[in-house]
Amino acid sequence: MTTSHVLPAGTLPYDDSPRLDPATVARTESLVKRYWWTSTLFLLIAGLLGLVLRSYQAGLDDLPGNQTDAANLWYALMTAHGLGAFVAWAAFFLMGTLLWLLMRLGFPLRTYVFAEISYWAMVIGTLGIVVSTVFLGFAASWVALYPLPFHSAGQWTDTATFIFSFSVLLAGVSIIAWCVALIISVTGPAISGEQKTGWFGRLGLALGFGLMWPSRFKSDRETPYPIIPITVIGINMFFMTLPFALLLVLMIVQTIDSGFTTDPELAKNLLWAFGHPVVYLLLFPVVAALYYFIPRYAKRPLVFGKVVVLAWTIGMLANMFLWAHHMYMDYPDGSNQSFLNMTHEPITYLITLPSALSLFGLGATIYRSNFEWSPGSMFMVAGIIGWLSAGFQGVINATIQFNVAVHNTLWIVGHFHHMALLAMGMVIFGVFYAAAPTLLRRELHSQTMAKIHFWGMLIGGYGWVVCWLGQGLDGAPRRYDRLPDGFGWDIWTKLSIPFMLILAVAILVGIYNIWRTATGSPWRVKDPATAV
Amino acid sequence: MNGTLLFITILYTVVTVIGVGVYFVIIASTKKGKAEGGANAPIEKLERAEPMWAVFALVVVTVLFVATLGGVPWNNRAKADSTVDVKALQFAFVVQPATVKAGNVDFKVTSADVSHGFGLFDPDGKMVSQIQAVPGVTSTLSTKLEKAGRYKILCFEYCGVNHAQMIGQIEVTK
């Protein structure tokens, strides 16, 4: 074993993190590891549910009970799978990872209270979702489109609706607490040094304004680029979780007093005011991770100018006023919804700006660099390509004329699985391979397994997603336990099964590799970031 | 596959091949970069290109916005030759009248309980159009039905346990 202060090959490349207090590092890392392991457990459960769901659609397995019971269980599992995979795995993993990134960038948590609240609220909320869906049959899908939770066709009770709503509310509390932790951290003294800038000034610095207007936003330290998307998502999710939280409270009240009701269109707007920004709860942390790791692999600073800073501010504002693109097919006679839909179309286009500039800047950083190819960087670059190819689908979805053809089809399911797993999921695993040796003080168990994981996810993942996209382009609707006969859609479902199995095996190999890494022999080395 | 879906397929394929192709060129360039120690990359030139790239992205989405304005359904209504009332409820569509003549048809869609989706498929199984059926209000889907035959209506918003069995129909005659 090495006793050098230099980390062995394969660890965080070219680390230039500021020196940190060892106690801060130890506490943060312990917290982050909890986020990582818990979210990975949720991935295993949500992934297993996904396998069951798609196999049932293909007619390869059956669910217990008569046809109605089986169908309701399928929809209940779909509800659990959606929340489990998206929030309890991907978002939760990234929420933990950002706490680590903040520390590495010299912005350690100033208080651990909110991060602890966030962790426990998410764990308890996830367990409540499992109870309400798997055991109590709540099957209104993760969006729980009002008033469906109160029209169960005899399949679940108001108690199940209460537990589900309360549990999702807890997940919302987790997100808000995490946002508070982020904002306190990025507006702390780390950003403004001795300048004694006011709180809003420090917030401006965290948004990168010092890079655009250095004389107005003075700082001893240039804002690291990853801090910008971290700040943006902290602000966005703090505000945009509140409308959905309000809807959940209204639903909880209705479970107690059945005479209390809410307007369905208002409820839908409240839902999507959260439901789209929450996508960026995954994407923006992923971008922050790419901003952090890609320059280290390329051994050069990010190739960015000032426009990207402006683009992030535009993206932050746009993210709070674009939800109606999920409601393009809602335009009741005499209502203002069509006007809202119309205004949210160009606003949705604006949020492509930070993506377009980030994809440009990351590509420019990699271009003709002495790039270090490793499992971490391979996953991340594949994630960038996944982001690009899934992003184009997003532009199609955002265009009203095209949305008429693809809304609520399996194209949408293909799109979000593409984005969630082959863009953001790829980067999540890339972060693991890049950061785990440093965080765990252990060498990666197997490079070969990492490569199997990579190629399996790539081949299985794209084959699996293309089947959904193809079905959607043929008009197949989403959220059907079994598609109707006579449309020729089933061939795509069956075709997707081998790819899904390749994907599942690849992820299992990856998780096994992670587990063996975590339980391997530790190095007797010090991390340069903590060496004092 | 209807015309819009075919257009989306071609547009998406072309744009993705170009975009991913550019990234493959970037990946391939790292071989040269390794040989040069990363010293000869045109960093300043790329940094200067950032504003131009932002302008390009804005122009593309602006063109897309303007070019597709004519396809916004609520801005694009022809005078109806006939009107059909559709009431969606768990788990059926009540369609009146059940037969219409080919031509411009206004579907007046509402829901008696939860949110449903009205997804219309022509006799060849191609999607024609769709709209949401919102409880308590009426929404109008204007569309042109050219082919004679039996059109199927599928629920396009998840509405509960028998969502997949919620299929209606309407007959179109010449």
Side-chain angles (χ1 to χ4, degrees), chain A residues 68 71-72 75 141 145 147-148 151 153 155 264-265 299-300 303 305 307-308 311 329-333 335 338 345-346 349 352-353 356-357 360 363-364 366-371 381 385 388-389 392-393 396 399-402 404-408 473-475 477 479-482 484 486-487, chain B residues 1-2 4-5 8-9 12 15-16 19-20 23 26-27 29-30 32-34 37-38 40-41 43 46-47 50-51 53-54 57 61 64-65 68 71-74 90 113-115 117 119 121 125-127 129-132 134-135 137-140 154 156-164 167:
Chain A
T68 304
N72 194 70
Y75 290 116
S141 91
L145 199 56
L148 179 58
H151 290 260
Q155 297 300 309
E265 278 298 272
K299 307 178 192 79
R300 66 163 65 128
V303 181
V307 184
V308 72
M329 295 304 101
D330 286 68
Y331 47 97
D333 301 348
S335 91
S338 56
E345 186 185 25
Y349 288 146
T352 62
L353 262 186
L357 289 169
F360 176 82
I366 298 167
Y367 183 64
R368 282 176 72 174
S369 70
N370 182 11
F371 199 76
V381 172
I385 292 173
L388 177 76
S389 48
F392 290 142
Q393 296 157 7
I396 286 168
T399 304
I400 295 172
Q401 181 176 356
F402 299 153
V404 176
V406 298
H407 186 83
N408 274 350
L473 288 172
D474 207 18
R479 295 191 178 122
Y480 272 44
D481 60 333
R482 282 186 173 150
F487 289 89
Chain B
M1 193 180 282
N2 70 27
T4 306
L5 287 168
I8 290 171
T9 307
Y12 176 69
V15 172
T16 303
V20 174
Y23 251 91
I26 291 169
I27 290 168
S29 76
T30 60
K32 196 173 182 184
K34 199 170 196 71
N40 295 334
I43 304 287
L46 288 166
E47 273 178 354
E50 190 192 59
W53 177 246
V61 292
L64 187 62
F65 177 67
T68 58
V72 175
W74 52 87
Q90 288 177 320
D113 40 43
V114 301
S115 285
F121 287 77
K126 289 180 187 171
M127 187 208 257
S129 196
Q130 63 166 308
I131 193 169
Q132 290 277 300
V134 183
V137 292
T138 300
S139 307
T140 303
L154 302 190
F156 255 60
E157 186 61 79
Y158 174 61
C159 61
V161 65
N162 290 323
H163 169 58
I167 300 177

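Just so you know, these numbers come straight off a predicted model, no measurement behind them. Naming convention: chains lettered A, B, ... in sequence-line order (proteins, then strands); numbering from 1 in each chain.
Between chain B and the options A:Gln155, A:Glu265, A:His151, the largest number of non-hydrogen pairs under 4.5 Å is found for A:His151. Highest contact tally toward chain B, considering only A:Gly486, A:Pro484, A:Pro346, is held by A:Pro346 [criterion: heavy-atom pairs under 4.5 Å]. Ranked by non-hydrogen atom pairs under 4.5 Å with chain B, the options A:Arg368, A:Arg300, A:His407 are led by A:Arg368. Each of B:Gly119, B:Ala54, B:Gly19 has some count of heavy-atom pairs under 4.5 Å with chain A, and the biggest count is that of B:Ala54. Between chain A and the residues B:Thr140, B:Thr9, B:Ile167, the most heavy-atom pairs under 4.5 angstrom are made by B:Thr140. Chosen from A:Thr352, A:Val404, A:Val381, the residue pairing most often with chain B at heavy-atom distances under 4.5 Å is A:Val404. Heavy-atom pairs under 4.5 Å with chain B peak, among A:Ala356, A:Ala153, A:Ser335, at A:Ala356.
A 4.5 Å side-chain heavy-atom check between A:Pro147 and B:Pro135 finds at least one atom pair inside the cut-off.
Of the inter-residue distances, the one linking A:Leu148 atom CG with B:Ser115 atom OG reads 8.5 Å to the nearest 0.5 angstrom. Residue B:Gln132 holds its CD atom at 8.5 Å from CE of A:Met329, rounded to the nearest 0.5 Å. Rounding to the nearest 0.5 Å places OH of A:Tyr367 at 13.0 Å from OH of B:Tyr23. Note: B:Leu154 CG to B:His163 NE2 = 9.0 Å, rounded to the nearest 0.5 Å. Going from atom CG of A:Leu473 over to atom CE of B:Met127 covers 10.5 Å, rounded to the nearest 0.5 Å.
Contact of B:Val137 with chain A is made through the side chain alone, with heavy-atom distances under 4.5 Å. In this structure, the portion of A:Leu145 lying under 4.5 Å from any heavy atom of chain B is its side chain and not its backbone. Contacts between B:Ala57 and chain A at a heavy-atom distance below 4.5 Å involve the side chain alone, from C-beta outward. With a 4.5 angstrom heavy-atom cutoff, B:Val134 touches chain A only via side-chain atoms. Using a 4.5 Å cut-off between heavy atoms, A:Pro264 contacts chain B through its side chain alone, with no backbone atom that close. Only the side chain of A:Thr399 comes within contact range of chain B, with at least one heavy atom under 4.5 Å from a heavy atom of that chain. The contact between A:Ile366 and chain B is made by backbone and side chain atoms together, counting heavy-atom distances below 4.5 Å.
A donor-acceptor pair shorter than 3.5 Å cannot be found between the side chains of B:Gln90 and B:Asn162. Counted by atom type alone, A:Asp333 and B:Thr138 present zero donor-acceptor pairs between their side chains at under 3.5 Å.
The environment of B:Lys32 atom NZ is sparse: at most 12 non-hydrogen atoms of other residues, nucleotides or ligands sit within 6.0 angstrom.
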